[in-house]
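Structure record follows, encoded as structure tokens.
Order of the sequence lines sets the chain letters (A, B, ...), proteins ahead of strands, with each chain counted from 1.
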There are 4 protein chains.
Amino acid sequence: MSFIEKARRAQIVECAIETIAEVGYAQASLGEIAKRANISKGVISYHFANKEELLEQITFEYYMAWQAYIVPRIEAQKSPKEMLQVYIESNLVFVDENRNHVFAVIEIVSNKRTADGKRFTEDHDETILLPIENILTLGMQEGVFREFTKTSARVMASTIRNAIDGFTIKLMSKPHLDVQEYIRELVIIFEKSTKK
Amino acid sequence: MSFIEKARRAQIVECAIETIAEVGYAQASLGEIAKRANISKGVISYHFANKEELLEQITFEYYMAWQAYIVPRIEAQKSPKEMLQVYIESNLVFVDENRNHVFAVIEIVSNKRTADGKRFTEDHDETILLPIENILTLGMQEGVFREFTKTSARVMASTIRNAIDGFTIKLMSKPHLDVQEYIRELVIIFEKSTKK
Amino acid sequence: MSFIEKARRAQIVECAIETIAEVGYAQASLGEIAKRANISKGVISYHFANKEELLEQITFEYYMAWQAYIVPRIEAQKSPKEMLQVYIESNLVFVDENRNHVFAVIEIVSNKRTADGKRFTEDHDETILLPIENILTLGMQEGVFREFTKTSARVMASTIRNAIDGFTIKLMSKPHLDVQEYIRELVIIFEKSTKK
Amino acid sequence: MSFIEKARRAQIVECAIETIAEVGYAQASLGEIAKRANISKGVISYHFANKEELLEQITFEYYMAWQAYIVPRIEAQKSPKEMLQVYIESNLVFVDENRNHVFAVIEIVSNKRTADGKRFTEDHDETILLPIENILTLGMQEGVFREFTKTSARVMASTIRNAIDGFTIKLMSKPHLDVQEYIRELVIIFEKSTKK
DNA sequence: AATGAATGAGCATTCATTCAT
DNA sequence: AATGAATGAATGCTCATTCAT
């Protein structure tokens with residue numbers, strides 16, 4: 001893939017993110033995206049096999065950026081308690097700093113369907129929840145967290161993740177939310193619910 | 001409104017719920033809904049002024065059913081701790097027993113837009129979160145829950161609500177989820193995070 | 001045709017006239033007419049074979065009323081000059097006093113089409129223009145009007161008729177037009193253009 | 001606007017004119033127009049924002065062509081009497097040579113409605129009637145035409161215009177009308193009705 | 001005599017995609 | 001590499017008409 005090719009794709013992806021975040025999935029036609037990017041509709045089709053590939057690129061890049069931001073911050077922590085704390089904090093900060101991208105991904109994921117029209121049910125548990133569960137298990141082994149069975153660890157992890165995702169959606173409609181305050185409260189809530 | 005009129009509307013609403021739940025908002029055209037209901041497209045237009053009215057009927061009926069199920073169960077409780085417990089439990093059971101309807105409402109709400117294409121940001125906090133906050137405040141006053149400021153109560157309430165909504169979405173992709181187990185774990189999590 | 005049948009048809013015709021006059025041909029659907037008449041759409045179909053029959057009834061009744069008003073007034077005149085004068089005057093007064101009906105007929109006639117979509121070109125010259133031409137011929141024979149060939153009499157008659165119809169259309173957009181003044185001026189114009 | 005774009009728009013406009021002139025406003029759907037142009041329905045939507053824009057283009061082009069034809073012919077005349085004569089003649093010739101276009105414009109204008117369904121009553125008097133009134137006034141000042149008050153000049157101008165428009169409509173149903181003869185007669189009529 | 005219900009064809013418009021240039 | 005042009009299927013909606021009750 002040439003340099004120009006990369007740059008064009010990046011530009012289109014960037015513009016698609018803004019469009020979806022602003023007008024929503026249903027209104028974000030290729031025509032609308034092209035108009036905002038000041039390019040012809042055909043360019044998008046030229047650089048992306050179809051609309052689906054463009055949308056997947058958006059989610060893929062999001063996931064890459066998310067990992068690049070979160071993972072090193074978690075790994076820099078020594079204790080499970082700090083890890084959990086940093087997980088919550090860095091996730092909320094990441095969302096806060098990448099609002100449009102997150103909003104776009106939410107729109108895309110929640111509208112994704114398989115060819116036969118069924119809801120797309122890709123299982124992200126092992127990529128998304130497992131890392132949280134690992135922190136919980138570690139904390140349990142070190143005796144700072146309460147006991148977790150496989151199931152209860154998964155529900156706990158889901159709840160933490162849902163708190164983060166729920167915050168994201170709230171941020172869509174309440175852009176002036178005090179993020180730091182939200183972080184502090186969530187840290188307290190999950191500290192209490194995980195401790196021995 | 002005549003009996004037949006009511007019955008027809010109910011049938012169409014029912015069919016629309018199934019269609020949206022199954023193929024999603026974007027694919028749930030009036031034609032698709034009519035096809036599944038084995039009626040002509042025009043019938044829907046005859047009984048509903050437009051698509052929006054049909055979708056609003058779905059969300060309205062859902063909210064009515066939800067209230068009718070939840071409220072008396074909460075009011076039957078004596079202590080705030082039991083109220084919170086029952087709130088979690090009855091919500092999850094209600095979702096479990098009204099899966100299609102819930103899924104459809106989620107699709108509808110998350111795709112709702114204003115006339116100018118902006119995300120529809122009706123603020124449900126006062127109808128959805130306030131009741132939970134009231135339970136938290138009551139528990140705090142009775143000395144069984146920890147201290148909550150106005151803000152921390154709202155974050156706590158949001159987290160509880162997000163846990164329920166997150167469970168709902170998980171249920172979409174994992175229909176064989178053990179609901180009772182999930183209830184037990186959530187009750188534990190929020191008991192710990194609210195107690196003094 | 002029973003009394004009730006007649007009354008119903010009259011009511012529907014009356015309401016259709018008002019509707020067409022107000023919202024125009026294209027917007028005057030059977031549904032709209034029924035709504036304004038506070039009856040069900042089916043009633044119209046019950047009393048009229050189809051929409052076309054209803055529209056034809058409107059134009060038929062208009063023509064009957066027009067004849068009943070104009071003819072005796074012309075016949076009461078002694079001289080061709082007075083006949084022409086009264087023709088112009090009584091036509092404008094009739095239009096003025098039956099505005100809605102006239103407007104509706106104009107809408108209907110100008111939108112009438114044959115089955116194959118071609119413009120409906122019923123020739124009204126012999127019913128509409130001939131009476132005027134007869135006045136012109138009479139005046140010519142009596143030596144008060146100038147010479148008219150068959151053709152020039154027809155053009156003269158057309159021009160008189162167009163002045164009346166043009167006034168009607170002007171009245172649609174300028175309802176406060178001074179009708180009496182318009183009559184006076186038209187009488188002068190056609191007095192001059194017909195006199196020897 | 002590119003050359004191809006212009007050509008396509010011109011082709012579509014041309015075809016729309018023919019369609020409306022032939023089957024009338026109500027039957028002239030975009031589908032029908034496209035079918036006659038042997039293009040897909042989408043092409044029209046591609047080149048025109050909506051149907052209204054297409055129809056407006058038709059009336060706009062007509063008015064431009066009309067002005068370009070009439071104005072220089074009037075301005076080439078020396079006396080008011082000749083001006084009036086040429087106005088009548090050139091209008092009838094223009095209609096005769098642009099039959100479809102005129103018919104289409106008549107259909108469009110007479111079916112135009114405002115958003116709330118009311119008849120569209122744009123006042124063309126100042127653009128259409130004023131030039132005729134100016135000729136009348138000039139002739140009056142030069143002493144070749146009779147006295148005209150503001151009102152009587154307007155009625156006179158309306159009558160002339162109605163004669164032309166009435167001729168146009170007659171031409172729709174009687175395509176073999178002798179135009180030159182009609183011109184001669186109209187010139188005589190309005191010569192007589194304006195002279196001192 | 002009257003109606004509510006239903007139909008199905010037709011409407012303008014939107015859109016992802018294709019393709020010649 | 002990029003584009004403007006074109007397509008045709010799909011969408012929500014309207015409407016005259018039919019029909020059982």
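Nucleotide F:dC15 holds its P atom 15 Å from the CG atom of C:Leu54, rounded to whole Å. One atom, CG of D:Asn38, and another, P of F:dT7, lie 9 Å apart when rounded to the nearest Å. Atom-to-atom, NZ of D:Lys35 to P of E:dA9 comes out at 15 Å; the value is rounded to the nearest Å. One atom, CG of D:Leu55, and another, C1' of E:dA12, lie 12 Å apart when rounded to the nearest Å. In this structure, the CZ atom of A:Phe48 is 14 Å from the P atom of F:dA1, given to the nearest Å.
In summary, of the residues considered (B:Glu22, B:Glu14, B:Glu18), a salt bridge (Lys or Arg N to Asp or Glu O under 4.0 Å) with B:Arg36 occurs for B:Glu22 alone.
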Problem set entry | Stepwise side-chain contact (heavy atoms from CB on, under 4.5 Å) test for A:Phe60 and A:Met64 | CA-CA 6 Å; A:Phe60 175 73; A:Met64 289 290 112; 3.8 Å; yes

For this session: Carefully, step by step, assess A:Asp165 and A:Ile106 under the rule side-chain contact (heavy atoms from CB on, under 4.5 Å).
Result: CA-CA 9 Å; A:Asp165 294 340; A:Ile106 287 176; over 6 Å; no

Problem set entry | Verdict with supporting geometry, A:Phe48 and A:Val13, side-chain contact (heavy atoms from CB on, under 4.5 Å) | CA-CA 10 Å; A:Phe48 295 89; A:Val13 164; 3.9 Å; yes

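Under the 3.5 Å distance criterion, the side-chain polar atoms of B:His101 are left unmatched by any main-chain donor or acceptor of B:Ala21. With B:Arg113 contributing its side chain and A:Ala26 its backbone, the two residues share no donor-acceptor pair below 3.5 Å.
Listed by chain and number, the residues in a salt bridge (Lys or Arg N to Asp or Glu O under 4.0 Å) with A:Glu5 amount to none (sequence neighbours excluded). Contacts of D:Gln11 classified as side chain to side chain donor-acceptor pair (under 3.5 Å), with partners at least two apart in sequence or in another chain: D:Arg8.
More than 12 heavy atoms of other residues, nucleotides or ligands lie within 6.0 Å of CD in B:Glu53, so this atom counts as buried by the packing criterion.
Among residues at least two apart or in separate chains, side chain to side chain donor-acceptor pair (under 3.5 Å) pairs with a member in residues 55-65 of chain C are C:Arg9-C:Gln57, C:Gln57-C:Glu61, C:Tyr63-C:Gln67.
At E:dG4, none of the side-chain N or O atoms of B:His47 fall inside 4.0 Å of OP1 or OP2 (strictly under the cut-off). Contact check, D:Ser2 against F:dT3: no side-chain N or O comes under 4.0 Å of OP1 or OP2.
Ranking F:dT7, F:dG4, E:dT3 by closeness to the C:Val43 side chain, first place goes to E:dT3.
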For this session: Encode nucleotides 13-21 of chain E as B, S and - characters from 5' to 3', where the letter depends on protein heavy atoms closer than 4.0 Å: B to the base, S only to sugar-phosphate, - to neither.
Result: BBSBBB---

Exercise. Which dot-bracket string describes DNA chain E (Watson-Crick N1-N3 plus N6-O4 or O6-N4, or G-U N1-O2 and O6-N3, all under 3.5 Å; [ ] crossing; | other strand)?
Worked result: .||||||||||||||||||||

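Here A:Glu32 does not pair with A:Lys51 in a salt bridge; the nearest charged N to carboxylate O distance is not below 4.0 Å.
Heavy-atom distances under 4.0 Å link DNA chain E to B:Ile4, B:Glu5, B:Arg8 of residues 4-13 of chain B, given in residue order.
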